[in-house]
Amino acid sequence: MRPGKLYTSLAKALSSATKPRDLHKVHSLLITSGIDQSVFISGKLITKYAQFRDPHASLSTFHRVSPTTNVYQWNTIIRAMTHNGLYNDALGLYTQMKILNIQPDRYTFPSVINCCAGLLNFETGRLVHDHVMEMGFASDLYIGNSFIDMFSRFGDLGNSRNVFDEMPRRDVVSWNSLISGYSSNGYWEEALEMFHQSRVSGMVPDAFMVLSVLPACGGLVAVEEGQMVHGLVEKIGIKADVVVNNGLLSMYFKFGNLTSCHLVFDEMAFRDTVTWNTVICGYSHSGLYEESIKLFFEMLYKFNPDMLTTTSVLLACSHVGDLKLGRDIHDFMMRNGYQCDTTASNILINMYSKCGHSLAARAVFDLMKCRDLVSWNSLIHGYIQNERFEEAIDFLKTMKMELKPDFVTYMALLSMSTQLMNILHAKELHCDIIKTGYDSTLAVGNALVDVYAKCGKLEDSLNQFENMKTRDIVTWNTIIAACLRCKDCETGFRMTSQMRMEGMLPDVATLLGTLPMCSLLAAKRQGKEIHGCILKLGFELDVPIGNALIEMYSKCGSLKNSVLVFKHMKTKDVVTWTAMISAYGMYGEGREALKAFEEMDTAGIVPDHIVFVAILYACSHSGLVKEGQLCFDQMKKKYNIEPRIEHYACVVDLLSRSGLLAEAEDFILSMPLKPDASIWGALLSACRASGDINFAERVSERIVELKSYDPGYYVLASNVYASLGKWDQVRTIRKSLKDRGLRKTPGYSWVEIRNKIYTFGTGDRFFEQYEDVNKLLETFSDLMAREGYVANLKCALHDVEEDEKRDTLCGHSERLAIAFGLLNTKPGTPLQILKNLRVCGDCHTVTKYISKIVQREILVRDANRFHLFKDGKCSCGDHW
DNA sequence: CTAGGGTTAG
């Protein structure tokens with residue numbers, strides 16, 4: 001073969017080599033033929049090796065060519081090293097080249113610039129920029145594109161933009177580099193804006209452009225734009241591109257649009273590991289942990305999980321507490337060496353902590369070679385979540401020796417104060433936080449508002465709130481929740497209106513804080529307003545919102561509206577059914593409650609222990625003894641739920657309310673749990689109605705022995721002794737209460753008239769219209785006496801003379817509220833009264849009489865339930 | 001194109 005022909009055929013073989021083996025073969029042939037050192041051939045070889053990810057072969061080929069004086073060869077080797085990420089080596093070669101006095105040309109620079117970008121070497125990057133300008137390459141398209149990318153990676157979008165603006169000619173890469181630069185640095189608006197400009201300037205987008213703009217749509221939750229880009233994907237024919245589809249999936253997850261995710265995923269003809277990771281991770285972040293785990297197992301048929309797969313599914317494991325799967329995945333990670341990755345190990349720490357396994361979390365931590373702040377924070381927070389407070393404090397000391405805590409550390413510590421409800425601990429931390437300056441971090445400020453409220457210090461919570469310079473929706477929600485927790489609804493409502501005045505839109509959490517305040521106050525008008533707001537904001541399909549609405553309406557006296565909300569709800573969870581069953585219970589609709597319970601069972605909702613409290617309570621308030629007992633039995637036998645003390649209390653209540661005192665006592669004596677004050681208290685409240693005073697005294701003794709911290713039970717016992725005239729015992733009980741710093745909850749009632757709430761305490765005398773109210777109550781007394789009413793003095797709680805007792809009875813807060821309400825409303829209007837404690841027997845009787853005398857409906861909500869008084873009767877049928 | 005620790009509501 002002639003040398004010329006050999007050269008041509010070998011050059012051809014070199015170009016068409018598709019496997020490293022072929023390349024090596026051609027290379028040896030070239031060497032034996034002695035033509036491997038020609039400029040063109042050696043350059044081809046260097047590039048080819050680089051494409052096959054063998055930069056060392058590229059380099060040795062380069063070194064065989066000597067002396068290397070040709071700029072083309074230098075450009076080739078620099079490009080080869082850059083292509084394989086060996087930026088330092090590439091820059092070293094660039095320096096050598098300059099030392100040898102070989103002038104770089106315009107083909108040299110894109111690689112050199114890429115190296116600076118990859119190394120985040122700002123200094124060299126800027127020097128190269130100046131150099132390029134001096135050499136007059138400013139208008140080169142490729143160099144310009146490289147600079148846009150370099151400055152983007154530096155986060156210097158200003159210079160990226162300058163380069164872009166100065167370019168005399170731009171191609172799609174220029175646009176993509178800039179858009180992707182904006183996008184990856186979180187400048188989403190700018191990314192979208194440039195995308196629009198590229199469209200206006202007639203640029204035809206490609207897959208890269210779509211991929212640059214998708215994160216921006218996702219980040220901004222720009223739904224319309226996202227859909228437009230999705231449309232574009234179909235139009236420009238990149239619908240089959242896996243990477244583009246992965247980008248679409250990721251965007252739709254950020255929109256929270258799981259339907260579209262499903263669609264995209266189902267239509268994908270090719271899926272790769274990233275696809276699976278994206279959906280597994282996406283479902284986890286959307287709270288669909290089971291779905292995420294299911295997809296993981298589905299994926300295993302086709303792909304081996306990589307590090308991202310394992311870490312994504314671990315997130316789901318930690319949420320559902322699947323320690324078994326978590327461990328299996330940990331094993332798998334160990335076999336693949338993934339645990340060497342700091343992030344992966346951090347996720348493991350988190351998983352073990354969330355699954356309640358602090359020891360395993362610690363073991364992961366101890367084995368880590370390289371720990372970061374997140375590792376420390378994860379473990380410390382894990383200790384706190386698992387109530388290992390001492391270990392957390394010890395660990396914090398160790399941590400402080402190695403590195404400085406950041407705001408997340410303080411958040412974890414604040415959650416410790418919250419759990420312990422330790423105000424001193426919280427205040428100490430607050431001082432530390434001020435010293436470190438993290439008090440200006442919004443999340444920390446919010447956590448402080450929360451911790452004070454949870455320690456019961458609304459004052460401090462409000463102070464912290466006022467001191468905050470910036471507030472976000474969470475701040476507002478936290479302070480509203482704080483007011484709710486401390487039952488200061490007035491301040492709570494003031495906060496909601498202030499929030500609205502400052503232009504902050506409520507979200508689901510806001511409304512979930514506000515609705516229970518309406519429930520507490522029976523503020524139906526506000527409640528309805530909020531309902532309107534919910535419809536306007538489109539939250540009506542949110543399950544917790546529906547649940548809160550059911551409760552609000554039921555507590556505001558409108559069972560009808562509760563039922564309406566309930567019927568309109570598309571998804572119902574166990575809380576929904578519980579809310580509805582409790583609502584029926586409060587209105588004495590035991591049969592309806594039982595029916596709802598059956599429907600719930602049919603709907604396949606698994607009952608929890610709380611539903612059983614609601615259903616037992618409903619039976620008890622409707623006198624459905626047999627049905628209630630049946631439910632109690634089913635609870636154990638059919639649903640395998642072990643009854644708790646509150647369920648036993650409900651049964652005691654159920655039996656004793658219906659006068660089955662002996663049965664109730666037998667039941668108590670046979671129960672497997674130690675009866676506490678709530679059990680005996682339930683029995684005692686019922687004895688009071690039955691009038692079996694000796695029985696009551698026996699029960700009272702039990703209660704006093706228990707030394708409960710709830711003053712309510714003492715008051716019950718004290719009443720029994722008072723009615724027996726045993727004043728010594730009464731005094732002993734009172735002293736015992738006082739010594740332990742317990743106080744009887746004062747009774748009060750309130751009534752809303754023309755949007756204003758009037759509150760009355762027992763025996764209040766100093767309010768406007770007191771005279772009129774008193775006169776009206778006296779008139780009622782006379783009229784009632786004529787009908788045969790005798791005051792039941794057992795309900796008076798104090799050690800006083802008979803006459804005075806009668807006075808106190810007349811002064812019970814609910815009577816004051818009723819009389820006041822009657823005086824200030826038109827005849828015939830229904831009245832709605834609220835009381836924080838249970839209505840006493842005498843007031844219950846009196847209210848029946850009043851409803852008949854004045855021919856009005858009087859709705860009274862006491863601590864437990866509703867009583868609708870109408871024409872001398874009460875809806876509770878005297879079961880309360 | 002895919003991953004980690006943190007605040008409200010539950």
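Everything numeric in this text was worked out from a predicted model, so none of it was measured. Values below: every heavy atom of this structure, side chains too, minus hydrogens, waters and symmetry copies. A, B, ... follow the sequence lines: proteins, then strands. Residue 1 opens every chain.
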Checklist entry - By a strict heavy-atom criterion of less than 4.0 Å, which residues belonging to residues 460-481 of chain A are in contact with DNA chain B? => result A/Val474, A/Asn477, A/Thr478, A/Ala481

Next on the checklist: If you only use heavy atoms from C-beta on, which nucleotide in B/dG4, B/dA9, B/dC1 is closest to the side chain of A/Ser250?
Outcome noted: B/dC1

Checklist outcome for this item: When rounded to whole Å, the CG to C1' distance for the pair A/Leu512 and B/dT8 reads 10 Å

Checklist entry - Does the side chain of A/Ser375 reach to within under 4.5 Å of the side chain of A/Leu379, using non-hydrogen atoms? => result no

Next on the checklist: Tell me the interatomic distance from A/Arg485, atom CZ, to B/dT7, atom P, rounded to whole angstroms.
Outcome noted: 14 Å

Checklist outcome for this item: A/Lys254 has its side chain closest, among B/dT2, B/dG4, B/dG6, to B/dT2

Item to check | Euclidean distance, atom CG of residue A/Asp341 to atom C1' of B/dT2 [Å, nearest integer] | outcome: 14 Å

Item to check | Interatomic spacing from CD1 in A/Ile433 to CG in A/Asp439 - rounded to 0.5 Å | outcome: 8.0 Å

Item to check | Any A/Leu315 side-chain heavy atom under 4.5 Å of A/His285 side chain | outcome: yes

Next on the checklist: Whole angstroms only, please: what is the OH-P distance between A/Tyr452 and B/dT8?
Outcome noted: 16 Å

Checklist entry - What is the nucleic acid contact for A/Leu308, judged by heavy atoms within less than 4.0 Å: base, sugar-phosphate only, or nothing? => result base

Next on the checklist: Students often get this wrong, so: under 4.0 angstrom with heavy atoms, is A/Tyr410 touching a base, only sugar-phosphate, or nothing?
Outcome noted: nothing

Item to check | Residue list, salt bridge (charged side-chain N to carboxylate O under 4.0 Å, His left out) with A/Arg485, at least two apart or on another chain | outcome: none

Item to check | Interface residues of residues 236-247 of chain A with DNA chain B (non-hydrogen, below 4.0 angstrom) | outcome: A/Val243, A/Asn246

Checklist entry - Rounded to the nearest 0.5 Å, how far apart are OG of A/Ser312 and CZ of A/Phe296? => result 10.0 Å

Item to check | Any residue meeting salt bridge (charged side-chain N to carboxylate O under 4.0 Å, His left out) with A/Asp394, in chain and number order, not counting sequence neighbours | outcome: none

Next on the checklist: Just the rounded figure in Å: distance from C1' of B/dT8 to CG of A/Leu448.
Outcome noted: 14 Å

Checklist entry - In Å and rounded to the nearest 0.5 Å, what is the CG to OG1 distance from A/Asn257 to A/Thr259? => result 5.0 Å

Residues 354-368 of chain A side chain polar contacts: donor-acceptor under 3.5 Å, at least two apart:
{"from": "A/Lys354", "atom 1": "NZ", "to": "A/Asn350", "atom 2": "OD1", "distance (Å)": "3.3"}
{"from": "A/His357", "atom 1": "NE2", "to": "A/Arg327", "atom 2": "NH2", "distance (Å)": "2.9"}
{"from": "A/Ser358", "atom 1": "OG", "to": "A/Asn386", "atom 2": "ND2", "distance (Å)": "3.0"}
{"from": "A/Arg362", "atom 1": "NE", "to": "A/Asp366", "atom 2": "OD1", "distance (Å)": "3.1"}
{"from": "A/Arg362", "atom 1": "NE", "to": "A/Asp366", "atom 2": "OD2", "distance (Å)": "3.3"}
{"from": "A/Arg362", "atom 1": "NH1", "to": "A/Tyr383", "atom 2": "OH", "distance (Å)": "3.2"}

Checklist entry - Under the 3.5 Å rule, do the base of B/dG4 and the side chain of A/Asp372 count as making a donor-acceptor pair? => result yes

I'd like a table of donor-acceptor pairs (distance under 3.5 Å, sequence neighbours excluded) in which one partner is a side-chain atom from residues 530-549 of chain A, with atom names and distances.
{"from": "A/His531", "atom 1": "ND1", "to": "A/Tyr553", "atom 2": "OH", "distance (Å)": "2.8"}
{"from": "A/Asp542", "atom 1": "OD1", "to": "A/Ile545", "atom 2": "N", "distance (Å)": "3.3"}
{"from": "A/Asn547", "atom 1": "OD1", "to": "A/Thr576", "atom 2": "OG1", "distance (Å)": "2.7"}
{"from": "A/Asn547", "atom 1": "ND2", "to": "A/Val543", "atom 2": "O", "distance (Å)": "3.4"}
{"from": "A/Asn547", "atom 1": "ND2", "to": "A/Asp573", "atom 2": "OD1", "distance (Å)": "3.3"}

Item to check | Nucleotide nearest A/Val408 (side chain, heavy atoms from C-beta), chosen from B/dG4, B/dG6, B/dA3 | outcome: B/dG6

Checklist outcome for this item: To the nearest angstrom, the CG-C1' distance between A/Leu379 and B/dG4 comes to 14 Å

Next on the checklist: Among residues at least two apart in sequence or on other chains, which ones pass salt bridge (charged side-chain N to carboxylate O under 4.0 Å, His left out) with A/Lys457?
Outcome noted: none

Next on the checklist: Can you tell me which nucleotide in B/dT7, B/dG4, B/dC1 comes closest to the side chain of A/Asp450?
Outcome noted: B/dT7

Next on the checklist: I want to know whether A/Tyr252 and A/His230 have ring centres closer than 6.0 Å.
Outcome noted: yes

Checklist entry - Which residues pass the salt bridge (charged side-chain N to carboxylate O under 4.0 Å, His left out) test with A/Arg271, sequence neighbours left out? => result none

Can you give me every donor-acceptor pair (side chain of residues 511-518 of chain A, partner residue at least two apart or in another chain, under 3.5 Å) with its distance?
{"from": "A/Thr514", "atom 1": "OG1", "to": "A/Thr510", "atom 2": "O", "distance (Å)": "2.6"}

Next on the checklist: Measure CD/A/Glu551 against C1'/B/dA9 and give the value in whole Å, please.
Outcome noted: 14 Å

Identify each donor-acceptor pair in which a side-chain atom of residues 458-467 of chain A lies under 3.5 Å from a protein atom, sequence neighbours left out, and give them as a table.
{"from": "A/Asp460", "atom 1": "OD1", "to": "A/Lys427", "atom 2": "NZ", "distance (Å)": "3.3"}
{"from": "A/Asp460", "atom 1": "OD2", "to": "A/Lys427", "atom 2": "NZ", "distance (Å)": "3.4"}
{"from": "A/Ser461", "atom 1": "OG", "to": "A/Val449", "atom 2": "O", "distance (Å)": "2.8"}
{"from": "A/Gln464", "atom 1": "NE2", "to": "A/Gly445", "atom 2": "O", "distance (Å)": "3.4"}
{"from": "A/Asn467", "atom 1": "ND2", "to": "A/Asn463", "atom 2": "O", "distance (Å)": "3.4"}

Item to check | Of residues 432-447 of chain A, the positions that come close to DNA chain B - non-hydrogen atoms, cut-off under 4.0 Å | outcome: A/Ala443, A/Asn446

Checklist entry - Is there side-chain contact between A/Glu225 and A/Phe195, with heavy atoms separated by less than 4.5 Å? => result no

Checklist outcome for this item: So, with a heavy-atom separation below 4.0 Å from DNA chain B, the residues of residues 259-286 of chain A are A/Val274, A/Asn277, A/Thr278, A/Cys281, A/His285

Checklist entry - A/Leu429 has an atom CG; how far is it from atom P of B/dT7, in whole Å? => result 15 Å

